[in-house]
Amino acid sequence: MKLFLQLREDAPAELARYQLAITLPGKWLLLPAEKLLETYAAQYAKKFVEAATLAKGDWAIYVKDASPYARAPWKRVADEALMGEAFSDRQELWVAHAVQPEDLARAPRAPLCKNYGCQKTFDEATNGPVSCCHHTGAPIFHDTRKWWTCCEEHKVYDFEALLGVPGCAQGPHSLLAPAAEAKAHQAVKDQALRAAERVQQAPPPTSSLPPAPSSTTAAPGPAPIRPKAPPQLPPGMARCKHAGCQQDYLVDANGPASCRYHAAAPLFHDGTKRWPCCKQSAWEFDDFMGLAGCETGPHEPVV
């Protein structure tokens, strides 16, 4: 697991902006995050001898919080949290001043708006009829694309970009979740209750076991794999097996430059589709199949 640590941008000016890339040994995954913070502080002190040291207890590690209901874009990782559970590979981590629990208890907490696309804190005394610019429809997540159902013309691929789409309605901030959101949460709770009731009402398992199979009886082998039958085409026609082609063609008309195809098999990763032979890529499958091939030659039939 490889991690990237750096000081937050709002760190004191006398501290240097130091980024550390570290590959965790396998045994570190079972160690607390405090070990990683100590390593960063030691490397910082070694590199910047004259700079202020990062005193233990005054600093903590933070990770980005992508939740739309988060009060801040980052959240603190507990010192005792195991690194294998708290972090993910190639994750960016912040090193910032630790927020003490007593500070959180003393600090007044402003209410958080639950309107779609807002999720900002607000002052109830100044909350007016046009204080909140929000969306009226729920978000949709489909094939790595994200959009608001009320503003389908704005489709993005990044979660932060989704939250940055301007709202289409104005009104007061609200402490109540949208009706559709509340209905979905209630449906999840009802489903969990029904599942728990089915488990409680199920009869206890019997202790009787089926007779063991005879040791002399041979276990049936795996079913033979049947080869895929070639496509049924009219006489004189065949289907090309080249990647990016797969077209039906006349055998008699097949020539040395009849087929334009891709030399390598396609790659599908995280919603994107790519031809590695010519570095062309697309998000939609139809657009992907429409990308021109990089090789020319005769069709080869599927056999």
Side-chain angles (χ1 to χ4, degrees), residues 1-6 8-10 19 21 23 61-77 85-94 96 112-121 132-171 173-174 177-185 187-188 243-244 246 261-294:
M1 180 186 293
K2 191 171 185 179
L3 301 173
F4 302 91
L5 295 91
Q6 62 180 331
R8 276 186 52 83
E9 296 177 354
D10 56 359
Q19 182 176 20
T23 301
I61 294 178
Y62 293 79
V63 297
K64 290 183 179 179
D65 191 350
S67 171
Y69 297 104
R71 293 180 176 270
W74 44 270
K75 61 181 178 180
R76 180 179 175 178
V77 177
E85 299 176 355
F87 307 130
S88 58
D89 187 33
R90 309 195 68 83
Q91 188 174 20
E92 294 183 1
L93 310 177
W94 292 106
L112 184 69
C113 179
K114 294 188 178 181
N115 287 333
Y116 286 130
C118 180
Q119 284 83 47
K120 297 178 182 178
T121 57
C132 178
C133 184
H134 59 275
H135 292 278
T136 58
I140 296 292
F141 302 91
H142 177 67
D143 194 17
T144 75
R145 292 187 300 173
K146 306 166 182 66
W147 68 90
W148 300 100
T149 52
C150 52
C151 302
E152 296 188 3
E153 66 276 10
H154 300 291
K155 295 183 179 180
V156 296
Y157 292 95
D158 185 71
F159 187 79
E160 294 182 359
L162 176 69
L163 296 180
V165 175
C168 57
Q170 286 186 324
H173 292 293
S174 176
E181 199 77 14
K183 184 177 180 181
H185 289 175
V188 172
Q246 286 94 37
Y261 61 96
H262 292 278
L267 296 178
F268 302 91
H269 177 69
D270 197 20
T272 187
K273 304 157 185 69
R274 179 171 175 265
W275 294 110
C277 51
C278 55
K279 313 301 183 187
Q280 297 188 87
S281 61
W283 291 94
E284 298 294 341
F285 188 79
D286 292 340
D287 296 339
F288 176 68
M289 294 304 296
L291 296 175
C294 55

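Using a 4.5 Å heavy-atom cutoff, the side chains of D89 and K2 are in contact. L112 is not listed as a side-chain neighbour of K120, based on a closest heavy-atom distance of 4.5 Å or more. In this structure the side chain of R90 reaches within 4.5 angstrom of the side chain of F4, judged on heavy atoms.
For Y157 and W283, the distance between ring centers is under 6.0 angstrom. A ring-centre distance under 6.0 Å is found for W275 and F288.
By the ring-ring contact (aromatic ring centres under 6.0 Å, His included) test, F87 pairs with no residue at all, sequence neighbours left out. In this structure, the side chain to side chain contact (heavy atoms under 4.5 Å, CB included) partners of Q170, at least two apart in sequence or on a different chain, are V130. Shown here are the side chain to side chain donor-acceptor pair (under 3.5 Å) partners of E284, two or more places apart in sequence or in another chain: R145.
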Next on the checklist: Using the rule given for side-chain hydrogen bond (donor to acceptor under 3.5 Å, both in side chains), can you reason through Y116 versus E181, listing the C-alpha separation, both sets of side-chain angles and the distance that settles it, and then say yes or no?
Outcome noted: CA-CA 9 Å; Y116 286 130; E181 199 77 14; 2.9 Å; yes
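Side chain of W148 to main chain of L162: a donor-acceptor pair is present (N/O by atom type, distance under 3.5 Å, no hydrogens or angles). No side-chain donor-acceptor contact under 3.5 Å links S174 to the backbone of N115. Using modelled atom types, one side-chain atom of Q280 and one backbone atom of A292 make a donor-acceptor pair closer than 3.5 Å.
Nearest approach of C294 to C278, heavy atoms of both residues: CB-CB, 3.8 Å.
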